[in-house]
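Start at 1 and go down the list; that is how both ligands and their atoms are numbered.
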Amino acid sequence: MTEALNSEQKLYEGKAKIIYATDDPEVLVTYFKDDATAFNAQKKGQIANKGAINCKVTTHLYGLLEKKGVSTHLIETTSDREMRVKRVDIVPIEVVVRNIAAGSLCKQTGIKLGTKLEPSLVEFYYKNDDLGDPLLTRDRIAAMALTSAQQLDRLTEKAQTVNRVLSEFFASCEITLVDFKLEFGTDKNGELLLADEISPDTCRLWDTTEPDERKRVMDKDRFRQDLGDVAEGYQAVLERILSQLS
Ligand code: UDP
């Protein structure tokens, strides 16, 4: 069933998704767009069919995580690009898990691209575009009263569980899960749920079988770094997931 979406019901339009209200105040609809942005929206573009691919990838990965006991906000996927989700209060912290050094970690610390990180890093960033999503510390989170120390422990534990489940699954697809970003929210009962999306927009995914540093990239870095064949990278991720699940 597809919701009749109209602009009056539109609650929020982000860079990659639109959130709509429904007749049920506890239920929202997420619509996945083809728009792509990088570097805090300084670089903009479109990736053909990205919305539909990310909607499917998120659906499958959430399904896998639910089976392993990680609760998500997904109720049901209702069309190619739409999901009915539980309304949650988003925790204003982006949780990034890193298994291999890439991106901002390399830029900020000088750690060489591709260095294996053992144990994996769990990092927190402030969800605030005006400030450029700065890296947080536990003390900063406490000073800003963004969430409690106990909730931070829960976020960390859940992020580590997600990492175990997804690293293993992607490995079976011959994809290396380099790093990824998660968002969480609390529902009306105060339960912490995984929210937003998990897709090639929010993960670094390297083709394990491809030694070439530029060719192995299957995620948004193809767009960020102008590597070409962006949509093909996203599509290949979906196809490997589907063939592994079938
Ligand atoms: N990420 C994301 N949204 C953000 C920032 C990061 O989905 O606003 C993801 C990104 O795709 C990568 C991981 O989080 O998989 C780590 O990103 P990093 O801190 O290296 O930042 P980047 O260099 O990608 O801006």
Checklist entry - Given that the side chain starts at C-beta and the backbone is N, CA, C, O, which of these parts of Cys203 lies under 4.0 Å from ligand 1, counting heavy atoms, or is it both or neither? => result backbone
Item to check | Residue pair Lys17 / Tyr12, side-chain heavy-atom distance below 4.5 Å | outcome: no
Next on the checklist: Show the atoms of ligand 1 that are less than 4.0 angstrom away from any heavy atom in Gly103.
Outcome noted: 20 (O), 23 (O)
Checklist entry - Are any of the heavy atoms in Glu123 under 4.0 Å away from ligand 1? => result no
Checklist entry - Below 4.5 Å, heavy atoms only, C-beta onward: do Leu113 and Glu213 meet side chain to side chain? => result yes
Item to check | Asp201 neighbourhood, listing ligand 1 atoms whose heavy-atom distance to it stays under 4.0 Å | outcome: 7 (O), 11 (O)
Next on the checklist: Under 4.0 Å, heavy-atom basis, I'd like to know which part of Val96 is in contact with ligand 1: side chain, backbone, both or neither.
Outcome noted: side chain
Checklist entry - Who gets closest to atom 5 (C) of ligand 1 by heavy atom: Lys127, Glu94, Glu197, Glu183? => result Glu94
Checklist entry - Between Glu191 and Thr186, is any side-chain donor less than 3.5 angstrom from a side-chain acceptor? => result no
Item to check | Per-residue contact class, Lys220 against ligand 1 - non-hydrogen pairs under 4.0 Å | outcome: neither
Item to check | Protein heavy atom at shortest distance from atom 22 (P) of ligand 1 | outcome: Arg204 NH2, 3.6 Å
Checklist entry - Which one holds for Asp221 and ligand 1: side chain close, backbone close, both close, or neither close, with close meaning a heavy atom under 4.0 Å? => result neither
Next on the checklist: Here's one to test your reading of the geometry: is the NZ or CZ of Lys43 within 45 degrees of the ring axis of Phe223 and under 6.0 Å from its centre?
Outcome noted: yes
Checklist entry - What protein heavy atom sits nearest atom 20 (O) of ligand 1, and how far away is it? => result Ser104 N, 2.8 Å
Checklist entry - Can you list the ligand 1 atoms lying under 4.0 Å from a non-hydrogen atom of Asp133? => result 8 (O)
Item to check | Residues Asp212 and Arg214 bridged, charged N to O under 4.0 Å | outcome: no
Next on the checklist: Just to confirm my output: which protein heavy-atom neighbour is closest to atom 10 (C) of ligand 1, and how far is it?
Outcome noted: Arg224 NH2, 3.5 Å
Checklist entry - Ile90 versus Glu183: any side-chain heavy-atom pair under 4.5 Å? => result yes
Checklist entry - Which option, Val95, Leu121, Asn40, Asp179, owns the non-hydrogen atom nearest atom 12 (C) of ligand 1? => result Asp179
Checklist entry - Between Tyr234 and Asn49, does any side-chain donor sit less than 3.5 Å from a side-chain acceptor? => result no
Checklist outcome for this item: atom 1 (N) of ligand 1: closest protein heavy atom, distance to 0.1 Å, is Lys181 CB, 3.7 Å
Item to check | Check ion pair Arg84-Glu76 (N to O, under 4.0 angstrom) | outcome: yes
Next on the checklist: Under a plain distance cut-off of 3.5 Å, with no hydrogens placed, do Asn99 and Ser120 share a side-chain donor-acceptor pair?
Outcome noted: yes
